[in-house]
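Take a look at the structure below.
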Amino acid sequence: MSPKEKHPLKQITPSGENDASFFESVFELVRQIPKGRVTSYGAIAAALGTKGAARMVGWAMNQSHFVKPAVPAHRVVNRQGRLTGKIHFAPPERMEQLLKKEGIQVIDDQIQDFEKYFWDPNEMI
DNA sequence: ACGCTGACTATTA
DNA sequence: CTAATAGCCAGCG
């Protein structure tokens with residue numbers, strides 16, 4: 001992380017999840033990802049209207065571990081279908097295991113037939 | 001209020 | 001396909 005260590009980023013909406021912040025929107029959208037499917041950060045960001053905020057989506061995933069109901073962050077990968085965020089899991093292998101458990105083949109942090117499992121957030125509308 | 005950071009993405013080589 | 005570079009937006013100190 002950096003000299004400043006992790007980013008505190010206090011808890012999301014201490015009072016509840018009624019906060020309409022960017023992060024909350026991300027969580028709700030990610031929760032709607034069907035089992036056995038995956039999507040990308042950019043797709044989520046685009047679905048929220050902020051196409052260029054793909055990075056923020058990833059950052060939101062960081063908090064997803066503290067949010068409830070739980071967010072299936074393991075179903076969110078980068079555009080290449082690569083598990084770049086696995087390092088943030090505990091343990092990192094967890095992400096890959098979860099995906100395999102849902103029927104998605106992952107080899108060397110790379111999802112096989114990624115396009116086939118890709119789920120477009122805009123379709124769920 | 002400004003600047004830095006980041007689980008990204010598109011482009012170029 | 002991989003590697004390197006630039007651009008991008010939202011949140012925090």
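We use all heavy atoms of the structure for the numbers below, so side chains are in, but hydrogens, waters and symmetry mates are not. Each chain gets a letter, A, B and so on, in the order its sequence line appears, and its residues count up from 1.
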Report task. Return the residues of residues 34-47 of chain A meeting this criterion: a heavy atom under 4.0 Å from some atom of DNA chain B. Order them by number, or give none. Result ->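 Going residue by residue through residues 34-47 of chain A, the ones with a heavy atom under 4.0 Å of DNA chain B turn out to be A:Ser40, A:Tyr41, A:Gly42.
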If you check the [X] side chain, which of [options] turns out closest?
{"X": "A:Phe23", "options": "B:dA7, C:dG11, B:dT9", "value": "C:dG11"}
{"X": "A:Ser64", "options": "B:dA7, C:dG11, B:dA10", "value": "B:dA7"}
{"X": "A:Ala54", "options": "C:dA10, B:dC8, B:dA7", "value": "B:dC8"}
{"X": "A:Asn78", "options": "B:dA7, C:dG11, B:dT9", "value": "B:dT9"}
{"X": "A:Thr50", "options": "C:dC9, B:dT5, B:dA7", "value": "C:dC9"}
{"X": "A:Met61", "options": "B:dT9, B:dA7, C:dG11", "value": "B:dA7"}

Requested in this report: Could you list the residues that satisfy salt bridge (Lys or Arg N to Asp or Glu O under 4.0 Å) with A:Arg79, not counting sequence neighbours?
Outcome: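 Counting only residues at least two positions away or on another chain, A:Arg79 forms no salt bridge (Lys or Arg N to Asp or Glu O under 4.0 Å).
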Query raised in the report: Given the P atoms of B:dT11 and C:dC9, what is the spacing between them in whole Å?
Result: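 So the two P atoms sit 16 Å from each other.
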Requested in this report: Could you check if a side-chain atom of A:Ile44 sits within less than 4.5 angstrom of a side-chain atom of A:Met61, using non-hydrogen atoms only?
Outcome: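 Side-chain contact under 4.5 Å: no.
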**Report entry** Within-4.5 Å side-chain heavy-atom neighbours: A:Phe23 and A:Val26
**Finding:**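 No; the side chains remain at least 4.5 Å from each other.
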Measure [atom1]/[X] against [atom2]/[N] and give the value in whole Å, please.
{"X": "A:Glu24", "N": "C:dA10", "atom1": "CD", "atom2": "P", "result": "17 Å"}
{"X": "A:Ile33", "N": "B:dA7", "atom1": "CD1", "atom2": "P", "result": "18 Å"}
{"X": "A:Phe114", "N": "B:dT9", "atom1": "CZ", "atom2": "C1'", "result": "13 Å"}
{"X": "A:Gln80", "N": "C:dC1", "atom1": "CD", "atom2": "C1'", "result": "10 Å"}
{"X": "A:Leu48", "N": "B:dT9", "atom1": "CG", "atom2": "C1'", "result": "16 Å"}
{"X": "A:Trp59", "N": "B:dT9", "atom1": "CH2", "atom2": "C1'", "result": "18 Å"}
{"X": "A:Asn62", "N": "C:dG11", "atom1": "CG", "atom2": "P", "result": "15 Å"}
{"X": "A:Lys51", "N": "B:dA10", "atom1": "NZ", "atom2": "P", "result": "7 Å"}

Query raised in the report: Among all residues two or more places apart in sequence or in another chain, which pass the side chain to side chain contact (heavy atoms under 4.5 Å, CB included) test with A:Lys101?
Result: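 Per chain and number, A:Lys101 pairs via side chain to side chain contact (heavy atoms under 4.5 Å, CB included) with no residue.
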Report task. With sequence neighbours excluded, tell me which residues meet ring-ring contact (aromatic ring centres under 6.0 Å, His included) with A:Phe114. Result ->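 Result, ring-ring contact (aromatic ring centres under 6.0 Å, His included) vs A:Phe114: A:Phe118.
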Requested in this report: Sequence neighbours left out, what passes side-chain hydrogen bond (donor to acceptor under 3.5 Å, both in side chains) with A:Glu102? Give chain and number order.
Outcome: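 With neighbours one apart ignored, the set is A:His74, A:Arg75.
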Query raised in the report: Which residue pairs pass the side-chain hydrogen bond (donor to acceptor under 3.5 Å, both in side chains) test with at least one member in residues 34-56 of chain A, sequence neighbours excluded?
Result: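 The answer is none; no pair qualifies.
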Report task. Can you run down the side-chain hydrogen bond (donor to acceptor under 3.5 Å, both in side chains) pairs that involve residues 103-116 of chain A, sequence neighbours left out, and say none if there aren't any? Result ->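 For residues 103-116 of chain A: A:Lys86-A:Asp109.
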Requested in this report: Please work out if A:His65 contacts a base, only the sugar-phosphate, or nothing of the nucleic acid, heavy-atom cut-off 4.0 Å.
Outcome: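 If one applies the 4.0 Å heavy-atom cut-off, A:His65 turns out to touch a base.
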Query raised in the report: Just checking A:Ala60: base, sugar-phosphate only, or nothing, at a heavy-atom cut-off of under 4.0 Å?
Result: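 Here A:Ala60 touches no strand at all.
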Report task. Using a 4.0 Å heavy-atom cut-off, write out nucleotides 3-8 of chain C from 5' to 3' as B (base contacted by protein), S (sugar-phosphate only) or - (no contact). Result -> ----BB
Query raised in the report: So, does A:Glu96 use its side chain to make a donor-acceptor pair with the main chain of A:Pro92 at under 3.5 Å?
Result: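 Looks like no, no N/O pair under 3.5 Å.
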Requested in this report: Show which residues join A:Ile87 in its hydrophobic cluster (side-chain heavy-atom contacts under 4.5 Å, direct or indirect), or state none.
Outcome: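 Answer for A:Ile87: none, a lone residue.
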